[in-house]
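As the structure is a prediction and not an experimental result, all values here were calculated from the model.
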Amino acid sequence: MNFVQTVQGSLLENFYPAGWNMEAIDKCCSNPPETIGERQPFWNEAFQLISCNEVQELDVKMGHEIAWQIRQSKLEGCKVAFILPVGPMGMYKWAVYFLKEWNINCSHVYGFNMDEWSDAEGRTLPPDHKGSFQFAMEQAFYGPLGELTVPVDQRHFATLESLPTYAAKIANLKAEGAELITVFGIGRMLHIAFWEPHFGAEFTSDEEWSKQTHRIGAQLHPLTIEQNAMTSFKSRTTLVPCRANTIGPGLFLQSDKIIGGCDGALGRGMQWQGLSLWTTLRYGPDRWLPSTYMPTLPGKLFYLDELAGPLEADVN
């Protein structure tokens, strides 16, 4: 007895996006843990999956990768544009550490935060609000870099006014020879940024979907709200906004490199991200599952070993 066998007539029958094939998703999750790194036909030849034993290891490796890319672009005399997340977050203190250790001035770096909480009209939280992503970035990355930091006018946040300008600014930077690097986590609903899977219903083709650069006041899936209640709001659902401004695939699919992190372990054998990770790696590109496009891009995805499973019942 399982989900597929009992969902008909239940409260969950129309809860998940219409394009989700739950049997196919379950098949992705049924592979032995030791096979997670087996390369798939749709993976980019320069896509690498990197295992980590613990969160601290993932934070260091991911932070090193961010800092290394900033260092390399500096040595090459090139600008570099980063699409940046708030979640995961632990890598930023290590990116700061390495950049300070190497004395790399970030005057050539352009940061574009991928999303921000909003209301239906796209109005965002104040930048000094502890729940805002701008506040989180200033505290975790831009501020601690001190004199080496990214210039203020090169830090972009997903506000009502700024987000619609991202596409043109990134296009101009790429025209000047800058690489675009997307740093990301994978959501419970397999979103990238807050580009949710149910948006897939609005488009007649993957091609049309893939051209969307952003969305203002996006409606978030209930499980996205609950994921963030657990990871960012100490379980307090009532604090989580139900909408957000977000970039879309028209930006993240332009990435010259990606740096991803899956750190969704909760302790005592509990986790929330194993299904998301396995589906991303095995399902194949599908607009109903946005993260499935990330292995088609060059770069690295760091993950905790325990997320590989086995994804089997283990009552906690």
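The shortest heavy-atom contact between L311 and C29 is CD1-CB, 3.8 Å. Nearest heavy atom pair, residue L307 against residue G264, reads CD2-O, 3.7 Å. Considering every non-hydrogen atom in both F194 and A244, the closest pair reads CD1-CB, 3.3 Å. In this structure, P295 and T280 approach most closely via the heavy-atom pair CG-O, 3.5 Å. When all heavy atoms are compared, the tightest approach of L297 to S255 is CD2-O, 4.2 Å. Of all the heavy atoms in H221 and F15, the pair that sits closest is NE2-O, 3.0 Å.
A donor-acceptor pair is defined here as one N or O able to donate and one able to accept, closer than 3.5 Å; such a pair exists between the side chain of H198 and the backbone of Q219. Distance alone, capped at 3.5 Å, places no donor-acceptor pair between the N245 side chain and the D115 backbone. No donor-acceptor distance shorter than 3.5 angstrom exists from the side chain of Q273 to the backbone of R188, with no hydrogens or angles considered. For the pair Q72 (side chain) and W68 (backbone), a donor-acceptor distance under 3.5 Å is absent. Here the side chain of D119 pairs a donor or acceptor atom with the backbone of R123 at under 3.5 angstrom. A distance-only check finds no donor-acceptor pair linking the side chain of N103 to the backbone of E101 [under 3.5 Å]. With S162 contributing its side chain and T159 its backbone, the two residues share no donor-acceptor pair below 3.5 Å. A donor-acceptor distance shorter than 3.5 angstrom exists from the side chain of R243 to the backbone of G217, with no hydrogens or angles considered. Side-chain N or O atoms of S276 include none that pairs as donor or acceptor with a backbone N or O of I186 at under 3.5 Å. The backbone N or O of M22 lies less than 3.5 Å from no partner atom in the side chain of D26, so there is not a single donor-acceptor pair.
Around atom CZ of F135, more than 12 heavy atoms belonging to other residues, nucleotides or ligands sit under 6.0 Å away. More than 12 heavy atoms of other residues, nucleotides or ligands lie within 6.0 Å of CG in L75, so this atom counts as buried by the packing criterion. The environment of Q5 atom CD is dense: over 12 non-hydrogen atoms of other residues, nucleotides or ligands sit within 6.0 angstrom. More than 12 heavy atoms of other shown residues, nucleotides or ligands fall within 6.0 angstrom of atom CD in E13. Summarising the local packing, CD of E207 is surrounded by 12 or fewer heavy atoms from other residues, nucleotides or ligands at distances under 6.0 Å.
By the 4.0 Å N-to-carboxylate-O rule, E23 lies too far from K27 to be salt-bridged with it.
How far CZ of F252 is from CE of M114: 8.5 Å, rounded to the nearest 0.5 Å. Summarising the geometry, atom CD belonging to E226 is positioned 12.5 Å from atom CG belonging to L220; distances are rounded to the nearest 0.5 Å. T124 contributes atom OG1, which lies 11.5 Å from atom CG of N113 (distance to the nearest 0.5 angstrom). To the nearest 0.5 Å, atoms CG (L190) and CD1 (I25) are separated by 6.5 Å. In this structure, the separation between CD1 on I216 and NE2 on H214 is 5.0 Å, given to the nearest 0.5 Å. Taken from CD1 in I225 to CE in M230, the straight-line distance is 12.0 Å, to the nearest 0.5 Å.
For the side chain to side chain contact (heavy atoms under 4.5 Å, CB included) test with I181, the passing option among I258, I259, D256 is I259; the others fail. The ring pair (Phe, Tyr, Trp, His ring centres under 6.0 Å) with Y293 is formed by just one residue from the set W195, W43, W209; it is W209.
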query = Which is it for H191 and E196 under the side chain to side chain donor-acceptor pair (under 3.5 Å) test, yes or no, and what are the steps along the way?
reply = CA-CA 5 Å; H191 63 216; E196 297 281 52; 2.7 Å; yes
task = Start with the C-alpha gap between F3 and Y16, add the side-chain angles, then the distance that decides, and say whether ring pair (Phe, Tyr, Trp, His ring centres under 6.0 Å) holds.
result = CA-CA 12 Å; F3 180 95; Y16 291 90; 5.7 Å; yes
task = Go through the steps to decide whether L251 and I170 satisfy the test side chain to side chain contact (heavy atoms under 4.5 Å, CB included), and finish with yes or no.
result = CA-CA 8 Å; L251 293 184; I170 288 172; 4.3 Å; yes
message = Working note: N53 + E306, criterion side chain to side chain contact (heavy atoms under 4.5 Å, CB included); need CA distance, chi angles, decisive distance, verdict.
response = CA-CA 8 Å; N53 290 324; E306 67 179 280; over 6 Å; no
inquiry  = Working note: S107 + K74, criterion side chain to side chain donor-acceptor pair (under 3.5 Å); need CA distance, chi angles, decisive distance, verdict.
reply    = CA-CA 9 Å; S107 60; K74 189 73 169 182; 3.2 Å; yes
task = Could you give me the CA-CA distance, side-chain angles and deciding distance for S73 and Q69, then say whether side chain to side chain donor-acceptor pair (under 3.5 Å) is met?
result = CA-CA 6 Å; S73 58; Q69 295 297 334; over 6 Å; no
query = Going through the distances and angles, do E116 and F157 end up as a side chain to side chain contact (heavy atoms under 4.5 Å, CB included)?
reply = CA-CA 8 Å; E116 182 61 271; F157 300 97; 5.6 Å; no
ask   = Would F112 and L173 count as a side chain to side chain contact (heavy atoms under 4.5 Å, CB included) if you check the C-alpha gap in whole Å, the side-chain angles of each, and the deciding distance to 0.1 Å?
value = CA-CA 12 Å; F112 295 85; L173 286 165; 3.9 Å; yes
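For Y283 and W278, the gap between ring centers reaches or exceeds 6.0 Å. Between F98 and H64, the ring centre distance stays below 6.0 Å.
Looking at P285 and D206, their side chains never come closer than 4.5 Å, going by heavy atoms from C-beta outward. Two residues are said to be in side-chain contact when any heavy atoms from C-beta on lie closer than 4.5 Å; V183 and P85 meet this criterion. Residues Y303 and C52 are not in side-chain contact: their nearest non-hydrogen atoms beyond the backbone lie 4.5 Å or more apart. Looking at heavy atoms from C-beta onward, I50 lies out of side-chain contact with L301 at the 4.5 angstrom threshold. Counting only heavy atoms from C-beta outward, the side chains of L277 and L281 approach each other to under 4.5 Å. Taking the side chain as every heavy atom from C-beta outward, L99 and I70 approach each other to under 4.5 Å. D263 places none of its side-chain heavy atoms less than 4.5 Å from the side chain of M62.
Both L125 and M89 belong to a single network of hydrophobic side chains, linked directly or stepwise wherever heavy atoms of I, L, V, M, F, W or Y lie under 4.5 Å apart. W20 and W272 fall into different hydrophobic clusters, defined by Ile, Leu, Val, Met, Phe, Trp and Tyr side-chain heavy atoms under 4.5 Å apart, directly or through other members. Residues I36 and L275 do not share a hydrophobic cluster, clusters being chains of Ile/Leu/Val/Met/Phe/Trp/Tyr side chains in contact below 4.5 Å.
Residues T231 and Q227 have side chains that never bring a donor and an acceptor to within less than 3.5 angstrom of each other.
A cation-pi contact links R155 to Y142, judged by a cut-off of 6.0 Å to the six-membered ring centre and 45° from its axis. Cation-pi geometry between R215 and F199 is met: the NZ or CZ atom falls under 6.0 Å from the ring centre, inside 45° of the normal.
Using a 30° and 60° split on the angle between ring planes, W117 and F233 fall in the perpendicular class, above 60°.
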